[in-house]
Amino acid sequence: MSTQVESVVTIVTGAASGIGAACVRRLAERGDTVVGVDLVADVDAQVRALGGALGVVTDVSSSAACDAAVARAVEEFGHVDHVVTAAGIEFNAPAQEMDDDTWSQVQRVNVDGSFYMARAVGRHLIATGRPGSVVLIGSINSMMSMPGQVAYVSSKGAVLQLGRGLAVDWGRHGIRVNVVAPGVIDTPLNARSFADPVRIAYYADRAPLGRHGEPSEVASVVAFLTSADAAYVTGAFVAVDGGWLAGELPPSQTEA
Ligand SMILES: NC(=O)c1ccc[n+]([C@@H]2O[C@H](COP(=O)([O-])OP(=O)(O)OC[C@H]3O[C@@H](n4cnc5c(N)ncnc54)[C@H](O)[C@@H]3O)[C@@H](O)[C@H]2O)c1
């Protein structure tokens, strides 16, 4: 008699690019049924090309769209176990020049979008009595700023506290919630910085490990946090930043 093993179903937002795409690939490689969501029209093809099972066009800044994406995943695959919220945007300007729309848009995608998608999955997990987990992608900018980043750092600081709030609310339901904080990672979000040799040299020097990070290096930590190996980890802030937040080397030692 064969017993069918139920697959682990994981939703990844921002699945069409950068860190989200790396998470789709990594989680699919370990055997999860991965549902990717993103704004881009060809997300289904992109997610399937990464090894995922389904892509759903979704604007995470709409709570109705997030609810619909989770409902679609449940309809297709029976349930959802984990969600990784990697959809995010960054628009920079000095605080005094930041306009209302830009400010709101950054908060809507980065904060509201993380909450709406986590809440949709949390409601499903609680209603069905399933344990599960949420990984919110924060940033080193959950903790620190650089010039012009007022909207982005405010949103990422909120994501850190969102993770703690959800971890406390949902701990008794067996739902773990953690925040992963990437440092400087080579993705399209950073394309302009990576095209500037001075800035990229600074980024490499600034991190104690002496280099920027790759999306796969964030995805591997997400894979850990969404696994049974992290069964007693919740409410954590996990930096994947080459040591950026730990401190910096004086200029005389950056050649080492
Ligand atoms: N790259 C870095 O250095 C870095 C560092 C720290 C934190 N992060 C965070 O990691 C996350 C992923 O960033 P990335 O570097 O992979 O960026 P990216 O630009 O490569 O990918 C972001 C994805 O999110 C999608 N997206 C944007 N708005 C959306 C919306 N409203 N609804 C659904 N999808 C939407 C985009 O279409 C894109 O596919 C973001 O939250 C970002 O803030 C990135």
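As the structure lists them, so they are numbered: ligands from 1, and atoms in each ligand from 1. Residue numbers start at 1 and run along the sequence shown. Note that the structure is predicted; figures quoted are calculated from it, not measured.
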ask   = If you measure from atom 22 (C) of ligand 1 to every heavy atom of G18, A181, A65, G88, which option wins on shortest distance?
value = G88
inquiry  = Just to be sure I'm reading this right: ignoring hydrogens, which of G183, G14, S142 gets closest to atom 5 (C) of ligand 1? Compare them by their nearest heavy atoms.
reply    = G183
Work out which heavy atom in [X] is nearest to a heavy atom in [Y]; give both atom names and the distance.
X: F77; Y: A53; answer: CZ-CB, 3.7 Å
X: A69; Y: T58; answer: CB-OG1, 3.7 Å
X: Y203; Y: V184; answer: CD1-CG1, 3.6 Å

Can you tell me the protein heavy atom closest to [atom] and the distance?
atom: atom 3 (O) of ligand 1; result: N190 ND2, 2.6 Å
atom: atom 15 (O) of ligand 1; result: T187 OG1, 2.5 Å
atom: atom 11 (C) of ligand 1; result: A86 O, 3.0 Å
atom: atom 17 (O) of ligand 1; result: L189 CB, 3.3 Å
atom: atom 30 (C) of ligand 1; result: L39 CG, 3.4 Å
atom: atom 20 (O) of ligand 1; result: S17 OG, 2.6 Å
atom: atom 37 (O) of ligand 1; result: D38 OD1, 2.6 Å
atom: atom 33 (C) of ligand 1; result: T58 O, 3.2 Å

Any atoms of ligand 1 less than 4.0 Å from a non-hydrogen atom of [X]? List them with their elements.
X: I137; value: 9 (C), 10 (O), 11 (C)
X: I89; value: 27 (C), 28 (N)
X: V184; value: 3 (O)
X: Y152; value: 6 (C), 7 (C), 8 (N), 9 (C), 42 (C), 43 (O)
X: I185; value: 1 (N), 2 (C), 3 (O)
X: D59; value: 30 (C), 31 (N), 32 (N)
X: V109; value: 28 (N), 31 (N)
X: I19; value: 10 (O), 16 (O), 44 (C)

task = Report yes if some N/O of I140 lies less than 3.5 Å from some N/O of ligand 1; otherwise report no.
result =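 Looking only at distances, the answer is no, because the N/O contact criterion of under 3.5 Å is not met.
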Below 4.0 angstrom, N of the basic side chain to O of the carboxylate: do [X] and [Y] qualify?
X: K156; Y: E90; answer: no
X: E29; Y: R25; answer: no
X: R48; Y: D44; answer: yes

query = Between D99 and T102, does any side-chain donor sit less than 3.5 Å from a side-chain acceptor?
reply =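 There is such a pair (donor and acceptor under 3.5 Å, judged by atom type) between the side chains of D99 and T102.
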Heavy atoms, side chains only, cut-off 4.5 Å: are [X] and [Y] in contact?
X: M144; Y: W244; result: yes
X: T226; Y: L27; result: yes
X: I200; Y: H212; result: yes

ask   = In a check of side chain to side chain contact (heavy atoms under 4.5 Å, CB included) between V83 and each of V35, I11, V12, V70, which one passes?
value = I11
Check contact between [X] and ligand 1, using heavy atoms of the residue and a distance below 4.0 angstrom.
X: H212; value: no
X: P188; value: yes
X: A15; value: no
X: G213; value: no

query = CD/Q161 to OG/S142 distance, rounded to the nearest 0.5 angstrom?
reply =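 Rounded to the nearest 0.5 Å, the CD-OG separation comes out at 9.5 Å.
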task = Show your reasoning for whether side-chain contact (heavy atoms from CB on, under 4.5 Å) applies to V43 and V37.
result = CA-CA 7 Å; V43 60; V37 309; 5.9 Å; no
